[in-house]
Amino acid sequence: MRAPERAKQGERFLLLVFAMPTYTGKTMELAWEPDVSFEPQFAPYQFRLRLVRAPEGVDVEPIEIDLRQHPKGCITLPVWKAYSQEEWLKGYLFELEAIPTTSTTWATLQQFLMSDWAPTILYPRFGMLPLLLASLLITTLAILFATPLGLAAAVYLSEQASPRVREWFKPILEVLAAIPTVVLGYFGVVMITPALQKLFGEALQLSSGRGLLATALMMTVFILPTIISLSEDALRAVPNSLREGAEALGFTHAGRIRLVILPAAKSGLIAAVLLAVARVMGETMIVWILSGGTPTMPDFSSPTAALGTLVKPTRAIPDTIAIEMGNVELESPHYGYPFLLGLIIINLLGFAYRKRAQFQL
Amino acid sequence: MAVKLAHKPAEAGVDWEALVARRDALRLRKNALLTTLLVFTLLAVITYKGASTISWEFLTTPPREGMSAGGIGPMIRGSLLLMLGTFLLATPLGIFGGVCLAEYGDRSRIRRFMHASVAALAGTPPIVYGLFGLAIFVLKFQFGVSLLAGWCTLTLFSLPVIVLTTEAALKTVPEGIINGGLALGLSRWQTLWRLALPYAMPGIMTGVILSLGRAAGEAMPVLFTASIYYASTFPALSWESLRQPVANLPYYLAEGYRQPGVVPEHLIWGACLTLIVLVLLLNVGAIVIRTRARRRYL
């Protein structure tokens, strides 16, 4: 079966299909290359075949074939004819009309959300769901780890620490914020992955500790200074009259913080966390070094699977760009995808920033 | 969450209120201490791993024997070259942009739109700048993977921060100074050039240095636009070398990770420490400028 070089959206085209009578003589086998439906130009399509013209003397009912339903690449059709010996050996050529049943845009989208990212194989697949999910999981975990730590540190700095401690703490935060992410990544390789390897290595047959959890832990370190200094600013912006009022009403110290100051600073705190979300999503070097680089679908069906998801190698969006942009062929279908992924990151960030703007006031 | 008010049955000799407050304070302080500890662990580990490698020879000689020995001289020089060009290109542009945003078109819609755009650009991840630089400078303008393309990309990368800090610094100039200048008959341009900018300069320079430090440590913008891994000679600064790629520290580390086993571990840690020291020196510079400026005006 030969297909045209490039089929446009909705375009019908003719295919020649080799057909062979079966031994019984009552049916005929139609065969095509099984992965014709996965050839690059067909990949986004789901298309039907319709028999247009059969060879002379062969009486075939018009039939529609959905290629996806026949993964083996052959179908048996009923025919009504007695074959001569010669015909039996030669076989027939059928003409089929291929009708794309899905629009390219929709099909590309569908494929894009599939769970299979394999851009460099013969018939590449670009399902970016595992990358997206890994990115989101890393962000969620990092925020879950960093927010309580950072908020508590910020509360301490703004409510309890003496001015001297505060003066001394700010440069420390700046140092932490200034450490290049490459170095943070290497630090994770020394400190975090061996520990994870030691903890789960035997149970789960890990080759290294690289994965979601290691990345998320290092991301926590990466965003802590952002969260602390921004939320401290938000807490310091709470007017003193509120603090004094709370004290006059007889709140304990903890009650004052929980019931008065934190709610008053809420929008600023949320803005701080959202900025951290945006920074984690875009951070590349840490993910690149610590994620392990294998696209895998997260699996939370059982506790073991969930644990495996956390500590086994994965791959997120930013490091995919970094890994693949270096060796992508120009003008190949693959070429556009790193840019598309970049666009997706920008959009995710834009979402975080818009939410942030709502809270920033 | 259950929050108790302070009315507890008073027991003789025990100040419950103070005890509870102290417990909460300790809990909170623990987190701040944890962060501090983290920073020191980080610095200690990197220093411990890298210090034994650092020597004059390591810092000044090119790599030898297929990068398995020798130093990282060309990488340091390449990083410095990249930063020099970025500094020269980004500072005037950034200050110009900041002045435009702060001084002109006060509350117009365009200004707000510009401000939002610059803020969004400041939050755009470095990898996106790398992609942009690759598509525009390297491929479209046909600079190739070169020092020039690296300069342009890093300039774009550090511009938004410089613009925003310039704008913020100009906003802190007291009205009195500006009005005084205007009252003395200075033109608006002179007020800006002679009074506002010098007053805001420490703030601006802090922003410039901080964004340079960020650019120096970031591998992603130069990953596809300016970098070469294997460098056995020092990059010179000439017209020809503008079109050639340079080795630089972040890329050396990134590639050292990507091709495990080529560069021995102790060299990588040495390079890590060098990069940290370089970036921290810049930061310390910024802090010093800030403190001295504060002393001058207050």
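Note that the structure is a prediction, hence the values are computed from the model and not measured. Computed from heavy atoms alone, side chains included, the values below leave out hydrogens, waters and symmetry copies. Below, read A as the first sequence line, B as the second, and so on, with proteins coming before strands; counting in each chain starts at 1.
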**Request:** Give the intermediate values and the outcome of side-chain contact (heavy atoms from CB on, under 4.5 Å) for residues Phe187(A) and Leu43(B).
**Result:** CA-CA 10 Å; Phe187(A) 179 78; Leu43(B) 294 182; over 6 Å; no
**Asked** Taking it one step at a time, do Leu223(B) and Trp288(A) satisfy side-chain contact (heavy atoms from CB on, under 4.5 Å)?
**Response** CA-CA 13 Å; Leu223(B) 188 64; Trp288(A) 190 11; 4.1 Å; yes
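- Shown here for Leu280(B) and Ala178(A), the closest heavy-atom pair between the two residues is CD2-CB, 4.2 Å.
- Nearest heavy-atom pair, Pro180(A) versus Ile276(B), reported as atom, atom and distance to 0.1 Å: CD-CG1, 4.2 Å.
- A 4.5 Å side-chain heavy-atom check between Val175(A) and Asn283(B) finds every atom pair outside the cut-off.
- A heavy-atom distance below 4.5 Å is found between the side chains of Ile172(A) and Phe40(B).
- The 12-atom threshold is exceeded at CD of Gln197(A), counting heavy atoms of other residues, nucleotides or ligands nearer than 6.0 Å.
- The shortest distance between side-chain heavy atoms of Leu349(A) and Pro125(B) falls below 4.5 Å.
- Here Ile321(A) is the residue among Val155(A), Ile321(A), Val165(A) with the most heavy-atom pairs under 4.5 Å with chain B.
- The most heavy-atom pairs under 4.5 Å with chain B, out of Ala161(A), Gly282(A), Ala152(A), come from Ala152(A).
- Interatomic distance, Leu42(B) CG to Ile179(A) CD1, rounded to the nearest 0.5 Å: 4.5 Å.
- Looking at Leu341(A), neither its backbone nor its side chain comes within 4.5 Å of chain B, counting heavy atoms on both sides.
- Considering CE of Met220(B) and CE of Met325(A), their distance stands at 13.0 Å, rounded to 0.5 Å.
- Interface residue Tyr257(B): backbone and side-chain heavy atoms are both found under 4.5 Å from chain A.
- Of the two parts of Leu33(B), neither the backbone nor the side chain holds a non-hydrogen atom closer than 4.5 Å to a non-hydrogen atom of chain A.
- To the nearest 0.5 Å, atom CG of residue Leu131(B) and atom CG of residue Leu340(A) are 11.0 Å apart.
- In this structure, chain A has a heavy atom under 4.5 Å from the side chain of Leu134(B), while its backbone stays farther away.
- Residues Tyr186(A) and Gly256(B) come closest through the heavy atom pair OH-C, 3.6 Å.
- At a 4.5 Å heavy-atom cutoff, Ala278(A) makes no contact with chain B through either its backbone or its side chain.
- Across Gly123(B), Ala216(B), Ala219(B), Gly130(B), the residue that shares the most heavy-atom pairs under 4.5 angstrom with chain A is Gly123(B).
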**side-chain contact (heavy atoms from CB on, under 4.5 Å) between Phe169(A) and Thr35(B), worked out** = CA-CA 10 Å; Phe169(A) 199 80; Thr35(B) 314; 4.0 Å; yes
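- More than 12 non-hydrogen atoms from other residues, nucleotides or ligands lie less than 6.0 angstrom from NZ of Lys171(B).
- The structure places CD1 of Ile127(B) at 9.5 Å from CD of Glu283(A), a figure rounded to the nearest 0.5 Å.
- Met191(A) touches chain B through its side chain: at least one heavy atom from C-beta onward sits under 4.5 Å away, while N, CA, C and O do not.
- Interface residue Leu173(A): only side-chain heavy atoms are found under 4.5 Å from chain B.
- Using a 4.5 Å cut-off between heavy atoms, Ile268(B) touches chain A through its side chain atoms alone.
- For the set Leu343(A), Val190(A), Leu224(A), Ile345(A), the count of heavy-atom pairs under 4.5 angstrom toward chain B peaks at Val190(A).
- Using a 4.5 Å heavy-atom threshold, the side chains of Trp168(A) and Thr36(B) count as touching.
- Contact annotation for Phe339(A): both backbone and side-chain heavy atoms come within less than 4.5 Å of a heavy atom of chain B.
- Heavy atoms of Leu253(B) lying under 4.5 Å from chain A belong to its backbone as well as its side chain.
- The OG1 atom of Thr284(A) lies 7.5 Å from the CD atom of Glu218(B); values are rounded to the nearest 0.5 Å.
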